[in-house]
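Computed over heavy atoms, backbone and side chain alike; hydrogens, waters and symmetry mates excluded. Counting begins at 1 with the first residue of the sequence.
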Amino acid sequence: MGNHGLCARTCGGVPVCGYLVNHLDGKKVLQWAIAAFGVFSLLSGLAWNIESFIVFRAIQGFAAGFITLLMTTLLMQITPANKLGQLMAVVSTPIILGPIVGPVLGGAIVSGANWHWIFYVNIPVCLLAVILNHFLLDSFKPFNPKAKLDWFGTFLLAAGSIGLIYGMMKGSENAQHFFNAQMITFAVLGLVMFVIYGFYNHLRHNETVLPLRFFKSKHFTAANIGIFLAGIASNGPMLLLPLFFQNTKGFTAVEAGLMLIPQGLGMLVARPTIGKLIDRMGARPIVLVSLAISLVGTFPFVFVQSHSSLWWIGAVLFVRGIGIGGLQMPMMTDIFIGLEKQDIPGASVGQRIIQNVGSSFGSAVVSAIVTAVILSENLSHKVTLFANHLTTVVKAHAAATHTAPSASAITNIKEQATHYGHHLLDLAQLNGYQTAFLVSCVVLVIIAFPALFLSSKKSKVSA
């Protein structure tokens, strides 16, 4: 749920950020965003009740939306078109460290400290970032000072994004009835907001926060469709893997984090080469090869067992990391092909919103799949039948020997029923994880279709 909430908050901040970089020095906007993220991380840790916590987290989420968007937008302004792939490789390398360091650090915090430190750990990082930003980053001229803040368009995009994300969350919370009344209501409201935005954009002749004329470019459209689907194929398993290690292997949070290191290393190893290949070959061949590698590193989890070798799992995760590492970066690069400098903020807004919705959709879908599989097993009924069977056997033995069932026999029945229930739950969870990984594989195959419309060295680069 935290991930959905963060995405909903960042969806609201992204369009406003696009306006600010049109009118202000991007360096200063970035400094204030980092500082705000640090301050409200501190306040979130110090929150004295749930109301203050929600307010502080909301503002922290807006600041996070600014930071992630600014990182791409500002660097795109100064990077030559033939170096976009290498830029993405450099910029995303620190992000790749997240899957390596994040799970271990997060597990250590959860295991050895209280929840407040989840927020306090951000403070020294923010301080260092503000200092480095001040001394090392050059100032940026405003992208488009004549642009006006599209309040109504911003409201429609934010409301549409939040409606879809919240609807997915309500669906995943009730996996047995995923398409429940709340899920349908909020999802439909979100879609209605996007439809209204389409009419509004037409009436404003594309003078909006996200001009829909961008979608006339096959590269822009294909890349955003691919990014949305990649959020399902990659973000969903990212959520599943720690749970798999903890629930089927009995690992602690720290141990589960350590098991994810091979995947992070695979992503880290692939990045530098992929960045150069994008500039040399275009996005299409890189994405198609990355999809194939991702399938090789994901499909084995459809058959993974609780007793599967950790060395084998680590090797598969390393391969998966290489594939996933080359999946989204080429598509994010293709989004900006053929765009004018003043169009970069609007394109970044669209890309970020689509990525947020896709990631949240992926998390909701895999959560719903796992929960639905577990519920379909009807565990309580099976345990009851097992306990009744044991009780019948004990009573039959007691009747044959003309004695009453002993207290130890009744206790033994309860213990065996409990053990049997745990065993069934473990099997149901494993089946749920396998099914969710299978869905991820199917989505990876589907991504190949929009990938065919991405750029290649033989295609003409045009908007």
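- A distance of 9.0 Å separates CD in Gln263 from OG in Ser234, rounded to the nearest 0.5 Å.
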Verify side chain to side chain contact (heavy atoms under 4.5 Å, CB included) between Ile322 and Met267, making sure each step is shown before the conclusion. CA-CA 5 Å; Ile322 293 175; Met267 298 171 75; over 6 Å; no

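- Going from atom CG of Leu454 over to atom CG of Leu288 covers 8.0 Å, rounded to the nearest 0.5 Å.
- Between the CD1 atom of Ile123 and the CG atom of Leu42 there is a distance of 4.0 Å, given to the nearest 0.5 Å.
- A 4.5 Å side-chain heavy-atom check between Leu327 and Leu444 finds at least one atom pair inside the cut-off.
- Residue pairs that meet the ring pair (Phe, Tyr, Trp, His ring centres under 6.0 Å) test with at least one member in residues 426-454, sequence neighbours left out, are Phe301-Phe437.
- Side-chain atoms of Tyr197 never come within 3.5 Å of backbone atoms of Thr154 as a donor-acceptor pair (strictly under, hydrogens ignored).
- Between atom CD1 of residue Ile162 and atom CG of residue Leu189 there is a gap of 12.0 Å, rounded to the nearest 0.5 Å.
- Between Tyr120 and Leu46, some side-chain heavy-atom pair lies under the 4.5 Å cut-off.
- The 12-atom threshold is not exceeded at CZ of Phe155, counting heavy atoms of other residues, nucleotides or ligands nearer than 6.0 Å.
- With hydrogens and angles ignored, the 3.5 Å screen pairs a side-chain donor or acceptor of Ser440 with a backbone N or O of Ala233.
- With hydrogens and angles ignored, the 3.5 Å screen pairs no side-chain donor or acceptor of Lys249 with any backbone N or O of Phe244.
- Residue pairs meeting the ring pair (Phe, Tyr, Trp, His ring centres under 6.0 Å) criterion with at least one partner in residues 302-326, sequence neighbours excluded, are Phe299-Phe303.
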Where do Met183 and Tyr166 land on the side chain to side chain contact (heavy atoms under 4.5 Å, CB included) test, with the steps shown first? CA-CA 8 Å; Met183 181 273 173; Tyr166 192 72; over 6 Å; no

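- Minimum interatomic distance between Cys441 and Leu295 (heavy atoms only, all atoms of both residues): O-CD2, 3.6 Å.
- Put simply, CD on Gln429 and CG on Asn247 are 4.5 Å apart, with the number rounded to the nearest 0.5 Å.
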Carefully, step by step, assess Gln305 and Gln434 under the rule side chain to side chain contact (heavy atoms under 4.5 Å, CB included). CA-CA 9 Å; Gln305 300 294 327; Gln434 292 171 336; 3.4 Å; yes

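- In this structure, the side chain of Asp334 engages the main chain of Ser455 through a donor-acceptor pair within 3.5 Å.
- Remark: the backbone N or O of Leu452 is paired with a side-chain donor or acceptor of Arg284 at under 3.5 angstrom.
- Contact check for Leu241 versus Leu317: side-chain heavy atoms found under the 4.5 Å cut-off.
- With sequence neighbours left out, Phe194 forms a ring-ring contact (aromatic ring centres under 6.0 Å, His included) with no residue at all.
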Would you tabulate the side-chain donor-acceptor contacts of residues 34-41 under 3.5 Å, counting partners in other chains and residues two or more places apart, or write 'none'?
| unit_1 | atom_1 | unit_2 | atom_2 | d |
| --- | --- | --- | --- | --- |
| Ser41 | OG | Phe37 | O | 2.7 |
| Ser41 | OG | Gln60 | NE2 | 2.8 |
| Ser41 | OG | Asn122 | ND2 | 3.3 |

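- The two residues Asn201 and Leu210 make their nearest non-hydrogen contact at OD1-O, 3.7 Å.
- For the pair Leu164 and Phe186, the minimum side-chain heavy-atom distance is 4.5 Å or more.
- Of all heavy-atom pairs between Met259 and Leu310, the closest is CE-O, 3.9 Å.
- Remark: Phe220 engages Phe214, Phe215 in a ring-ring contact (aromatic ring centres under 6.0 Å, His included) (not counting sequence neighbours).
- The two atoms that bring Gly297 and Val316 nearest to each other are O-CG1, 3.2 Å, heavy atoms only.
- Applying the side chain to side chain contact (heavy atoms under 4.5 Å, CB included) criterion to Ala436, with sequence neighbours excluded, gives Leu240, Val366, Ile369, Val370.
- The two atoms that bring Pro285 and Ser456 nearest to each other are CD-CB, 4.1 Å, heavy atoms only.
- Counting only N and O atoms by type, the side chains of Thr298 and Arg320 include a donor and acceptor under 3.5 Å apart.
- Ser290 and Gly326 make their closest contact through OG-O, 2.9 Å (heavy atoms, listed as atom of the first residue, atom of the second, distance).
- A distance of 8.5 Å separates CD1 in Ile324 from CG in Leu291, rounded to the nearest 0.5 Å.
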